[in-house]
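Chain letters run A, B, ... following the sequence lines, proteins first, then strands; residues in each count from 1.
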There are 2 protein chains.
Amino acid sequence: MSRKRFDDSDCAVARALDEVGDWWSLRIVLQAMYGTRRFVDFQQQLGIARNILCNRLERLVACGVLCKVNVGEHGCRYEYRLTDKGRDLFTVLMALRQWGEKWTAAASDKPQAVVLDKASGRPIGPLQVVDADGQPLSVRDVVLAWRQPSQ
Amino acid sequence: MSRKRFDDSDCAVARALDEVGDWWSLRIVLQAMYGTRRFVDFQQQLGIARNILCNRLERLVACGVLCKVNVGEHGCRYEYRLTDKGRDLFTVLMALRQWGEKWTAAASDKPQAVVLDKASGRPIGPLQVVDADGQPLSVRDVVLAWRQPSQ
DNA sequence: CCAGTTTGGTTTCGTGACGAAACCATATTA
DNA sequence: TAATATGGTTTCGTCACGAAACCAAACTGG
């Protein structure tokens with residue numbers, strides 16, 4: 001039996017996970033945000049098996065997170081670039097990064113990757129869920145409702 | 001060969017994905033945020049196989065995202081509740097939800113789940129990556145640096 | 001312009017994870 | 001006390017994953 005799919009779920013989180021919810025996809029997108037574009041570079045930086053990378057890149061292109069651009073001068077040589085949809089995962093990845101920094105232990109002897117605001121050189125601020133007026137909200141301040149499909 | 005682990009990675013995103021980066025874990029945490037606490041309720045609401053649910057709950061308890069509480073009156077009956085670490089995934093899940101709402105197509109005939117601010121009844125605001133002063137940042141405004149481990 | 005290297009894959013093979021369904025012991029309840 | 005709910009475990013088949021080998025089409029150095 002194949003993996004359970006969530007693509008028709010009524011929950012947007014489930015649909016999102018259906019597209020990028022595996023072990024590698026988000027890491028590939030993250031690398032792409034750091035500037036990686038070529039197959040071999042992804043492969044070496046992530047340590048991913050080549051066939052799996054191939055499969056993931058195909059899937060990410062198929063669902064519009066990446067696009068595959070031919071940059072060969074006399075034939076085919078490819079780059080994988082983020083689309084707007086892919087770039088929009090920035091928020092998700094930074095939220096995940098902040099959670100990881102706060103709650104998971106790093107190997108204490110290695111330098112840690114941190115994200116800085118290019119203009120000021122300072123770390124970015126903490127992400128927050130906010131209400132319509134910009135006031136912070138916690139889990140307990142929200143409620144799940146059902147919106148009927150607009151006809 | 002077992003799945004590649006990222007638990008000692010120098011990247012906080014990789015470490016976070018190592019703990020909650022599979023198809024089910026984040027959905028289980030999301031259900032927990034909506035109030036689900038019992039094994040059978042998780043199983044029915046998610047449609048997950050019982051052995052997989054069992055395995056995932058164990059892992060989430062082991063890494064401190066959930067805790068298992070005995071609520072039986074004459075013996076054992078369990079509830080799985082979010083810890084602070086688990087509740088802190090709220091931001092990640094809301095970011096994922098907003099991305100899913102914006103970029104993945106919902107089945108047009110089903111009512112959609114939406115998150116509302118309990119106090120005002122309005123939808124929550126969009127999540128943004130911000131700098132130290134609260135100004136919005138895009139992918140292009142940030143840079144990756146390496147922080148040496150503090151001795 | 002030719003040989004060697006880089007790039008971007010595909011194929012094969014072994015192992016492990018996943019999903020379905022059946023089974024089971026203990027709690028709860030009617 | 002019988003029936004049912006709960007919280008699992010076991011078994012089994014299929015599929016996904018990872019490693020390594022293989023390969024053809026660019027590209028590059030001389």
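- Among D:dT11, C:dC18, D:dT6, the nucleotide with an atom closest to any side-chain atom of B:Asn51 is D:dT11.
- Remark: P of C:dG8 and NZ of A:Lys68 are 9 Å apart, rounded to the nearest angstrom.
- Of the candidates C:dG9, D:dT6, D:dC27, D:dT6 carries the atom nearest the B:Val40 side chain, counting heavy atoms from C-beta on.
- In this structure, the CD atom of B:Gln43 is 14 Å from the P atom of D:dA5, given to the nearest Å.
- C:dG19 atom P lies 7 Å from atom CZ of B:Arg56, rounded to whole Å.
- Residue A:Ile52 contributes atom CD1, which lies 14 Å from atom P of C:dT11 at whole-angstrom precision.
- Across the protein-nucleic acid pair, B:Asn55 atom CG and D:dG8 atom P stand 12 Å apart, rounded to whole Å.
- Computed from coordinates, the A:Arg27 CZ to D:dC17 P distance equals 15 Å when rounded to whole Å.
- Taking each heavy atom of A:Ala12 and B:Arg97 in turn, the nearest pair found is CB-O, 3.6 Å.
- Nearest nucleotide to the A:Trp24 side chain, out of D:dG7, D:dG18, C:dG9: D:dG18.
- For the side-chain contact (heavy atoms from CB on, under 4.5 Å) with A:Val115, the qualifying choice from B:Leu144, B:Val129, B:Leu137 is B:Leu144, the only one to do so.
- Here the closest non-hydrogen pair linking A:Met33 and A:Arg87 is CE-O, 3.8 Å.
- Considering only the side chain of B:Tyr80, D:dG8 comes nearest among D:dG8, C:dC18, C:dG9.
- In this structure, of C:dT10, D:dC17, D:dG8, it is C:dT10 that holds the atom nearest to the side chain of A:Cys54.
- Projected onto DNA chain D by closest heavy-atom contact, A:His74 and A:Gly47 fall at different nucleotides, the more 5' of which corresponds to A:Gly47.
- Checking B:Thr91 against A:Gln98 by side-chain atom types alone, no donor-acceptor pair falls below 3.5 Å.
- Each of B:Leu26, B:Asp84, B:Asp88, B:Leu60 was evaluated against B:Val65; a single residue qualifies, B:Leu60, per the side-chain contact (heavy atoms from CB on, under 4.5 Å) test.
- Judged by atom type and distance alone, B:Arg50 reaches the base of D:dG7 through a side-chain donor-acceptor pair under 3.5 Å.
- Counting to the nearest Å, the C1' atom of C:dT7 and the CG atom of A:Asn70 are 12 Å from each other.
- When the nucleotides D:dC27, C:dT26, C:dA20 are ranked by their closest atom to the side chain of B:Arg77, C:dT26 comes out on top.
- Put simply, CG on A:Leu57 is 14 Å from C1' on C:dT10, counting in whole angstrom units.
- Here the side chain of B:Glu58 is nearest to one of D:dT9, D:dG18, D:dG7, namely D:dT9.
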